[in-house]
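What follows is one structure encoded as C-alpha cells, with my remarks underneath.
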Protein chains: 2
Amino acid sequence: MGLVELAKIAGVSVSTASRALSNHPRVARGTRERIVALAQEHGFRLNQTASALRKQRTGVIGVVVPLGHEVDQALSDPFFMGLLGGLADALTKRGYDLFLSRVVPQGPRWLDDVIASGRVDGIILIGQSDQLEAIERVATSYERMVVWGAARLGSNQITVGTDNVTGGELAAQHLLRRGCRRLAFLGNPEAPEFADRYTGFHTAIAAASGVTETVVPIHLTMEDAYREMEAYLAANPAPDGILAASDVIAMSAMRALAGRGLRVPEDVAVIGYDDILLAGYTSPALTTIRQDVVYGANLLVDLLLARIAGQNVGSVAMLPELIVRDSA
Amino acid sequence: MGLVELAKIAGVSVSTASRALSNHPRVARGTRERIVALAQEHGFRLNQTASALRKQRTGVIGVVVPLGHEVDQALSDPFFMGLLGGLADALTKRGYDLFLSRVVPQGPRWLDDVIASGRVDGIILIGQSDQLEAIERVATSYERMVVWGAARLGSNQITVGTDNVTGGELAAQHLLRRGCRRLAFLGNPEAPEFADRYTGFHTAIAAASGVTETVVPIHLTMEDAYREMEAYLAANPAPDGILAASDVIAMSAMRALAGRGLRVPEDVAVIGYDDILLAGYTSPALTTIRQDVVYGANLLVDLLLARIAGQNVGSVAMLPELIVRDSA
DNA sequence: CACGATACTGTCAGCGCTGACAGAACAAAA
DNA sequence: TTTTGTTCTGTCAGCGCTGACAGTATCGTG
C-alpha cells in the first residue's frame with residue numbers, strides 16, 4: 001500500500017499525508033492523528049527507497065571492510081566483530097541503518113563503487129588493510145568517510161584508532177619489567193596498524209641493553225597463525241617474551257607453545273592486542289593491550305555524522321591500556 | 001553525474017545509455033563499448049536507489065538479528081558473527097548486498113518495519129530469540145524470508161539449522177560413555193534452539209539409570225554466564241558432566257570451574273555447542289557439538305533466493321557433529 | 001464589512017532510472 | 001522500385017515520495 005492509497009482513505013491529499021507522517025508542523029493536529037492512526041491500522045510504512053531518492057538522503061551508513069591480504073579474516077575476526085557490534089548499536093541509536101560491505105579490493109576503484117551507488121549517506125571503513133593509497137585518494141575528494149585505523153601525518157583521512165605506537169611500547173615495557181630478554185613480535189608489519197605497534201615495541205626495546213628482538217610475520221587467522229608459529233618454534237629457539245599483533249594471534253601462539261611443552265608465562269610471557277571478549281577466558285587468561293571498541297565505534301559514528309553535517313573534525317587516537325592478566 | 005549527462009556526452013538517448021550499461025542485447029556492440037568506456041572514464045555509476053525504485057528490486061538482503069532477552073549478546077556472539085561472515089560471503093557471491101539490522105523487538109511489528117521499508121528484497125533472520133509467534137505471524141503472509149533456528153512442525157517459517165535434538169543426544173551419550181553420573185545442562189531453555197538441545201540431552205539421559213540431571217538457566221554473555229556459573233557452584237555440588245548451550249557458556253563455565261580448583265575434564269567433563277573458531281584454542285581444547293556455519297549460511301541464501309524466485313522450498317536441518325577435543 | 005494575518009491543505013514537478021512502445025535506418029526479398 | 005523484416009535507438013510515462021508554491025478557510029482588527 002502506498003501513500004496515495006492511504007491519502008485516499010484519509011480523504012486528504014498525498015502531501016498532507018506525507019506531512020502528517022513526518023511530523024511536519026504545518027498540519028493540523030487532528031488531521032495528523034487521524035492519518036497516523038490510519039497508517040498504523042493498515043500497517044502502512046513509507047517506502048524508504050522512494051523517500052531516499054526524493055530527499056537525496058538514505059539514512060544508511062555503509063560499513064566497509066576491505067580484505068586486502070587477509071581474505072579469510074576480518075568478518076570472523078573477533079575484534080572487527082566487536083567493533084561492528086558497537087557500530088550497529090551506535091548507528092541505530094542515531095537513527096541510521098547499516099549497510100555492510102565486505103570488499104576484496106580489486107583494482108583501484110573498489111571504494112568508489114560503494115560511494116557512487118547512492119545507497120549510503122556516508123562510509124565507515126573498518127581497517128586500512130593494505131589499501132592506504134586507495135583510501136587516501138578517495139579521502140581527498142569524498143568527505144563523508146571515516147576510517148578505523150592508524151592516523152598518518154598529512155593524510156586527508158579522518159581516522160579513529162588507538163595510539164598503536166604507545167600500545168607497542170606498553171607491551172615492551174611490561175615484558176622488559178618481567179625480565180624477558182629474547183623478545184618477539186608476532187604479526188605482519190605491512191598493515192599500518194601493526195607497523196605502528198611494532199615501531200613502539202622496537203623503540204622501547206632499543207633503549208634496553210642485552211635484549212634481542214625478532215619479528216615473525218604471522219597471519220591473522222587462527223589456523224594460519226597456529227601453523228606459522230608452530231613452524232617458527234620448530235626452526236628457532238623460543239623467545240621468552242612475545243607481543244602478538246592481535247589476541248587471535250596470541251591465542252594461536254599460546255597453543256603452539258603449549259604443544260611444545262613451553263609454559264606461559266613461566267617460560268614465555270605472552271601479550272596480546274585488542275582485548276577481545278574472550279581474552280579473559282583463555283587459560284592462562286591473556287594479558288593484552290586494550291582497545292575500547294564500544295567507545296571507538298561511537299566516536300566513528302559521531303565524527304562521521306559531524307562530517308556529514310559539514311563540520312570540520314580531526315582524527316582521534318585513543319590511548320591503549322595494558323590489561324595485566326596471567327599470560328604475562 | 002547522472003545517466004542523463006553520460007548520455008549527452010555519448011550523444012545517445014538516456015535509455016540507450018541505460019541499456020548499454022545493463023548489457024541489454026538490443027544495443028549495438030560498438031555503441032555499448034563506447035558508452036561503457038565513457039562511464040569508466042568519468043567514473044560514472046548507476047544510482048542504485050533510483051534503479052531500485054524503478055525496478056522494484058533493490059538487490060539487497062536484510063539480515064535481521066532479533067535481540068529478545070539477550071540484548072547485549074548476538075552481535076558479539078562468536079557464533080552469530082561466524083554465521084554473519086558466511087552470509088556476507090554467500091550474498092556477495094550471488095550479487096546481493098547486505099543490510100544489517102539489529103532489532104530489539106518492541107511491540108509485535110518490529111519485523112514489518114524492515115519488510116515494508118522497501119529497502120530489501122528479502123530477509124534472513126538470525127535466530128528466533130523469544131519471538132517465535134511474531135515471526136510465525138509474518139511468515140504466513142511474507143514469503144521472502146528464511147530463518148536460522150529450530151524447525152517446528154506445522155510452521156510456515158522456512159528454517160535452516162542443525163538438528164538440535166540430535167546434538168543434545170550426542171553430547172549426553174558422550175558424557176555417559178565417559179562415566180559421568182551427575183549431569184548438568186547450562187542454558188536457558190526458553191529459546192527454541194536451546195529447548196531442543198535440552199530435549200535431546202534429557203531424553204538420552206532418561207534412558208540411563210543412576211544418573212541425575214539439572215538445568216542451570218544460564219545467560220549467553222560471557223560475564224553473565226561466568227557470574228551465574230560461579231554462583232551456582234558456590235551453592236551446589238559440582239556436576240561431573242556438563243553440556244553448555246553454547247561454546248561461550250562452556251568457556252565461561254570452564255573458567256568458573258578452574259576458579260574453584262576443579263579440573264577439566266578429570267573432575268568435570270565439559271561439552272560446548274557451536275564449535276566457534278576459538279573452541280580449539282582454549283585449554284583444555286573444547287569438546288563441542290559442531291554446527292557448520294559456512295554451509296548453513298550458503299543454505300540460507302540459496303533457500304531465500306529460491307523463495308524470491310517463487311520456488312517452493314522446505315526447511316533444512318543439518319546434522320550436528322560431535323568434535324572430541326580435550327574438555328570431555 | 002473589508003482587510004490582512006494566520007492556519008492549514010492541495011497542486012505539481014521531479015529525484016534518476018527503466019522498459020514498453022514506437023520510430024528510424026538499412027538490408028534483403030519481391 | 002516497393003515491401004518486409006531486422007536491428008538498433010528514441011520517446012515517454014512513471015516507480016513512491018517530498019517540498020516549493022499557491023490556494024482556501026477562518027479569525028481578529030479597524
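Convention: sequence-line order gives letters A, B, ...; per-chain numbering from 1.
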#### Entry: Contact list for DNA chain C against residues 16-24 of chain B - heavy-atom distance below 4.0 Å
B:S18, B:R19

### Message
Below 4.0 angstrom, which residues in residues 34-48 of chain B have at least one non-hydrogen atom near DNA chain C?
### Response
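Going residue by residue through residues 34-48 of chain B, the ones with a heavy atom under 4.0 Å of DNA chain C turn out to be B:F44, B:L46, B:N47.
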
Spacing between [X] atom [atom1] and [N] atom [atom2], to the nearest angstrom:
X: A:L3; N: D:dC15; atom1: CG; atom2: P; answer: 13 Å
X: B:K55; N: C:dC15; atom1: NZ; atom2: P; answer: 20 Å
X: B:R26; N: C:dA24; atom1: CZ; atom2: C1'; answer: 13 Å
X: B:R57; N: C:dC17; atom1: CZ; atom2: C1'; answer: 15 Å
X: B:E33; N: D:dC8; atom1: CD; atom2: C1'; answer: 15 Å
X: B:L6; N: C:dG16; atom1: CG; atom2: C1'; answer: 13 Å

Gap between atom [atom2] of [Y] and atom [atom1] of [X] - 0.5 Å precision:
X: B:S22; Y: B:H24; atom1: OG; atom2: NE2; answer: 7.5 Å
X: B:L132; Y: B:R152; atom1: CG; atom2: CZ; answer: 6.5 Å
X: A:D302; Y: A:R307; atom1: CG; atom2: CZ; answer: 14.5 Å

Tell me yes or no: between the side chains of [X] and [Y], is some donor less than 3.5 Å from an acceptor?
X: B:N164; Y: B:E193; answer: no
X: A:W110; Y: A:Q131; answer: yes
X: B:T140; Y: B:N156; answer: no
X: A:S15; Y: A:S18; answer: no

### Message
Both B:G11 and B:L53 contact DNA chain D. Taking the nearest nucleotide for each, which residue is further toward the 5' end?
### Response
B:G11

Can you tell me which nucleotide in [options] comes closest to the side chain of [X]?
X: A:S13; options: C:dC15, C:dC21, C:dT11; result: C:dT11
X: B:A50; options: C:dT9, D:dT9, C:dC17; result: C:dC17
X: A:T31; options: D:dT9, C:dC8, C:dG16; result: C:dC8

### Query
Any side-chain heavy-atom pair from B:P78 and A:M81 closer than 4.5 angstrom?
no

### Query
Side chains of B:T58 and B:T49: does their closest heavy-atom pair fall under 4.5 Å?
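No, too far: nothing below the 4.5 Å cut-off.
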
Using a cutoff of under 3.5 Å, can you pull out all pairs of nitrogen or oxygen atoms linking the protein to nucleotides 12-14 of chain C, with atom names and distances?
residue : atom : partner : partner atom : Å
C:dG14  : N2   : A:R54   : NH1          : 3.4

### Query
Which is true for B:T49 with a 4.0 Å heavy-atom rule: it touches a base, it touches only sugar-phosphate, or it touches nothing?
nothing

### Query
Do the charged groups of A:E133 and A:R137 touch, with an N to O distance under 4.0 Å?
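Here A:E133 does not pair with A:R137 in a salt bridge, since their nearest N and O are not under 4.0 Å apart.
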
### Backbone N/O of B:Q157 and side chain of B:S155: donor-acceptor pair under 3.5 Å
yes

